[in-house]
Amino acid sequence: MKIVCFDLEGVLVPEFWEEFSRATKIPELMKTTRDEPNYDKLMQMRMKVLKEHGFTFSEIMKVVNKMEPLPGAKKFMDWIKTCAQPVILTGSYYEYITPLVEKIGSPFMIANNLKISPSGEIIGYKLREKDGKVEMVKRFKEAGFEVIAVGDSFNDLEMLKGADKGIIFRGAPKLLEQEKGFPHAETYEELKKILEKIL
């Protein structure tokens, strides 16, 4: 059985912070790891903006509860389960992303945790481990699994390089320009065709 490790946001579900930016009309929150590779810098900016505007975790969940997976994601995940073991490796947070993952069939997910005050203010975050995506890929390989990785952003790059095979899905233009050696798909049908040759 092969393991296929997927980034989550931008690959199977929309980018949460982009959705939150649209809902709140705060343009700074439109930034993702496609724009800012330094994850800590990005999260510090997000928490600062949330605090400035008085947004609590309940506002985050209002947006999440209106979100749906990307069109075709659930059908694709149903297919991948028939021929491989899917694993979600995400820099997102269990506290708000779990309801969205349930909508694609609740595949096994490894994420991070938010620190939330009793009043609902987001006061910090705890990464499960530094470089969590590539570290999990390494462990799967050490356990004897062949690992395929699928991602769209610069923060997926080490995971893609660390896997036996990496695939860029709907990649950021700068990433595609920089990393021309990876197969690239724009639709789930294209991604399925690439995976069918590997699995």
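Residue M47 holds its CE atom at 5.5 Å from CE of M43, rounded to the nearest 0.5 Å. Separation of atoms CD (E95) and CG (N113) is listed at 4.5 Å; rounding is to 0.5 Å. In this structure, the separation between CD1 on I167 and CZ on F182 is 10.5 Å, given to the nearest 0.5 Å. Here L12 contributes atom CG and R170 contributes atom CZ; the two are 9.5 Å apart, rounded to the nearest 0.5 Å. With rounding to the nearest 0.5 angstrom, the CZ atom of F16 is 8.0 Å from the CD atom of E9. Residue E18 holds its CD atom at 5.5 Å from OG1 of T32, rounded to the nearest 0.5 Å.
M61 and V49 fall within the same hydrophobic cluster, where Ile, Leu, Val, Met, Phe, Trp and Tyr residues are linked whenever their side-chain heavy atoms come under 4.5 Å apart, directly or through other members. In the hydrophobic clustering of ILVMFWY residues, with side-chain heavy atoms under 4.5 Å counting as a link, I194 and L175 come out apart. At a threshold of 4.5 Å between side-chain heavy atoms, the hydrophobic network of Ile, Leu, Val, Met, Phe, Trp and Tyr places I3 and V134 in two separate groups. Cluster membership check: L157 does not share its hydrophobic cluster with I110, using side-chain heavy-atom separations under 4.5 Å among Ile, Leu, Val, Met, Phe, Trp and Tyr.
In this structure, a donor-acceptor pair under 3.5 Å is present between the side chains of T56 and E59.
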side-chain contact (heavy atoms from CB on, under 4.5 Å) between F154 and K174, intermediate numbers included: CA-CA 9 Å; F154 281 101; K174 288 179 184 177; 3.9 Å; yes

Intermediate values then yes/no, salt bridge (charged side-chain N to carboxylate O under 4.0 Å, His left out), K133 and D7: CA-CA 9 Å; K133 293 181 184 183; D7 177 40; 3.0 Å; yes

Step-by-step salt bridge (charged side-chain N to carboxylate O under 4.0 Å, His left out) determination, K165 to E146: CA-CA 9 Å; K165 292 182 175 68; E146 183 176 339; 3.6 Å; yes

side-chain contact (heavy atoms from CB on, under 4.5 Å) assessment of K51 paired with E121: CA-CA 8 Å; K51 186 172 184 178; E121 183 184 351; 3.7 Å; yes

K115/K126 under side-chain contact (heavy atoms from CB on, under 4.5 Å): CA gap, chis, key distance, verdict: CA-CA 7 Å; K115 295 178 183 177; K126 184 176 185 299; 4.2 Å; yes

Pair Y125-Q44, side-chain contact (heavy atoms from CB on, under 4.5 Å): steps then yes or no: CA-CA 9 Å; Y125 62 95; Q44 293 297 334; 4.0 Å; yes

Salt bridge (charged side-chain N to carboxylate O under 4.0 Å, His left out) assessment of E186 paired with K193: CA-CA 12 Å; E186 283 294 326; K193 285 178 181 175; over 6 Å; no

From CA spacing to verdict: salt bridge (charged side-chain N to carboxylate O under 4.0 Å, His left out), E142, K138: CA-CA 6 Å; E142 285 167 3; K138 286 177 185 175; over 6 Å; no

Intermediate values then yes/no, ring-ring contact (aromatic ring centres under 6.0 Å, His included), Y96 and F57: CA-CA 9 Å; Y96 67 77; F57 186 67; 7.1 Å; no

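M109 places a side-chain heavy atom less than 4.5 Å from the side chain of Y94. Counting only heavy atoms from C-beta outward, the side chains of I148 and C5 never approach each other to under 4.5 Å. Looking at L29 and I26, their side chains come closer than 4.5 Å, going by heavy atoms from C-beta outward. At a threshold of 4.5 Å between non-hydrogen side-chain atoms, the residues Y188 and K75 do not count as touching. Counting only heavy atoms from C-beta outward, the side chains of L42 and N38 never approach each other to under 4.5 Å. When side chains are defined from C-beta on, R22 counts as touching M30, because their heavy atoms get closer than 4.5 Å. Put simply, the side chain of M159 reaches to within 4.5 Å of the side chain of L89, judged on heavy atoms. Looking only at side-chain heavy atoms (C-beta outward), D164 and F140 stay at 4.5 Å or farther from each other.
Within the 3.5 Å criterion, the main-chain N or O of L8 finds no donor-acceptor partner in the side chain of T90.
Of all heavy-atom pairs spanning K103 and N65, the tightest one is NZ-O, 4.1 Å. Minimum interatomic distance between R128 and A111 (heavy atoms only, all atoms of both residues): CB-O, 3.8 Å. Of all heavy-atom pairs between G91 and Y39, the closest is O-OH, 2.7 Å. Taking every heavy atom of both residues into account, L191 and A185 meet most closely at N-CB, 3.6 Å. In this structure, F20 and L50 approach most closely via the heavy-atom pair CE2-CD2, 3.6 Å. Annotation for V147 and A163: closest pair O-CB, 3.5 Å, computed over non-hydrogen atoms.
Partner of I168 under the side chain to side chain contact (heavy atoms under 4.5 Å, CB included) criterion, chosen from V150, L160, D152: L160.
For the pair K197 and E190, the salt-bridge criterion is not met [side-chain N within less than 4.0 Å of a carboxylate O].
Around NZ of K81, the count of heavy atoms belonging to other residues, nucleotides or ligands within 6.0 Å exceeds 12. Under a cut-off of 6.0 angstrom, the local environment of CZ in F145 is sparse, with at most 12 non-hydrogen atoms contributed by other residues, nucleotides or ligands. With a 6.0 Å radius and a threshold of 12 heavy atoms from other residues, nucleotides or ligands, K31 has its NZ atom at or below the threshold.
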